[in-house]
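Remarks on the structure that follows.
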Amino acid sequence: QVQPVESGGGLAQAGGSLRLSCVASGSIFSIYRVGWYRQAPGNQHELVAAITSSGTTNYADSVLGRFTISRDNAKNTVYLQMNSLKPEDTAVYYCKTSGGGTYSWGQGTQVTVSS
């Protein structure tokens, strides 16, 4: 089973950029779909972006054109490049791996965007 660990969160100004990383243990990481989700206080989990084992991506409308998800299977890592950040992007960002009938969540990383 793959266990993801997120990093790269922090504080950014509006219009700035951050890159999140999701590193997952397990030699079969390449077969997993990986999604980035976020949860702001008082809100439900929201899918931000996802990437399949073949590299197909999808994005929430709210981040389309600003965020880019990519994966490096050799490094067991999925990245979320976040550009043109907005205060409404402030949330805890979680990585979720799914595949083979199982899924795993990371512990989350805080992203705070100041106006």
Side-chain angles (χ1 to χ4, degrees):
Q1 186 173 354
V2 173
Q3 179 60 50
V5 177
E6 307 94 336
S7 64
L11 178 64
Q13 291 188 332
S17 298
L18 286 172
R19 188 176 79 159
L20 305 183
S21 298
C22 171
V23 180
S25 61
S27 61
I28 55 173
F29 173 77
S30 62
I31 73 170
Y32 280 75
R33 176 185 182 272
V34 180
W36 281 101
Y37 293 74
R38 67 187 180 187
Q39 186 173 27
N43 292 354
Q44 294 182 338
H45 268 93
E46 171 192 22
L47 176 64
V48 176
I51 186 166
T52 68
S53 58
S54 61
T56 301
T57 60
N58 65 286
Y59 298 90
D61 288 344
S62 59
V63 306
L64 197 60
R66 300 189 297 122
F67 291 9
T68 302
I69 189 170
S70 61
R71 68 190 298 161
D72 184 340
N73 289 333
K75 297 182 178 179
N76 281 7
T77 303
V78 167
Y79 303 99
L80 183 67
Q81 178 66 44
M82 306 186 295
N83 298 329
S84 302
L85 284 164
K86 303 176 180 180
E88 51 263 44
D89 294 320
T90 296
V92 178
Y93 284 70
Y94 298 89
C95 177
K96 178 186 178 184
T97 59
S98 55
T102 66
Y103 64 90
S104 294
W105 289 92
Q107 83 288 348
T109 185
Q110 176 71 46
V111 170
T112 303
V113 183
S114 62
S115 57

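As a basis for the values below, the full set of heavy atoms in this structure was taken, side chains included, without hydrogen atoms, waters or symmetry mates. Quick note: residue numbers are just sequence positions, from 1.
Across every non-hydrogen atom of Ala91 and Ala40, the tightest pair is CB-N, 3.8 Å. The shortest non-hydrogen separation linking Asn76 to Ser25 is ND2-C, 4.3 Å. The shortest non-hydrogen separation linking Val34 to Arg71 is CG2-NH2, 4.2 Å. Contact between Tyr59 and Ile69 at its shortest, heavy atoms only, is OH-N, 2.9 Å.
Take Glu88 and apply the side chain to side chain donor-acceptor pair (under 3.5 Å) test, not counting sequence neighbours, and it matches no residue. When the salt bridge (charged side-chain N to carboxylate O under 4.0 Å, His left out) test is applied to Arg33, no partner is found at least two apart in sequence or on another chain. For the side chain to side chain contact (heavy atoms under 4.5 Å, CB included) test, residues two or more places apart in sequence or in another chain that qualify with Ser7 are Ser21. The salt bridge (charged side-chain N to carboxylate O under 4.0 Å, His left out) test applied to Glu46 returns Arg38, not counting sequence neighbours.
No side-chain heavy atom of Met82 sits under 4.5 Å from any side-chain heavy atom of Arg66. The shortest distance between side-chain heavy atoms of Gln110 and Thr90 falls below 4.5 Å. Looking only at side-chain heavy atoms (C-beta outward), Leu85 and Phe67 come within less than 4.5 Å of each other.
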When the side chains of residues 95-102 are checked against the rest of the protein, which donor-acceptor pairs come out under 3.5 Å, sequence neighbours left out?
from: Thr102; atom 1: OG1; to: Gly99; atom 2: O; distance (Å): 3.2

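Atom CD of Gln13 has 12 or fewer neighbouring heavy atoms from other residues, nucleotides or ligands inside a 6.0 Å radius.
If you take CD on Gln81 and CZ on Arg19, they are separated by 7.0 Å, rounding to the nearest 0.5 Å. Between Asn58 atom CG and Thr52 atom OG1 the span is 9.0 Å, to the nearest 0.5 Å. Separating the OG atom in Ser62 from the CG atom in Asp89 is a distance of 7.0 Å, to the nearest 0.5 Å.
Clustering ILVMFWY residues whenever any of their side-chain heavy atoms sit less than 4.5 angstrom apart, transitively, puts Tyr79 in a cluster other than the one holding Tyr32. In the hydrophobic cluster analysis, where Ile, Leu, Val, Met, Phe, Trp and Tyr join through side-chain heavy atoms closer than 4.5 angstrom, Leu80 is grouped together with Ile51.
Cluster partners of Leu47, by chain and number: Tyr37, Val92, Tyr94, Tyr103, Trp105. The rule joins Ile, Leu, Val, Met, Phe, Trp and Tyr whenever side-chain heavy atoms lie under 4.5 Å apart.
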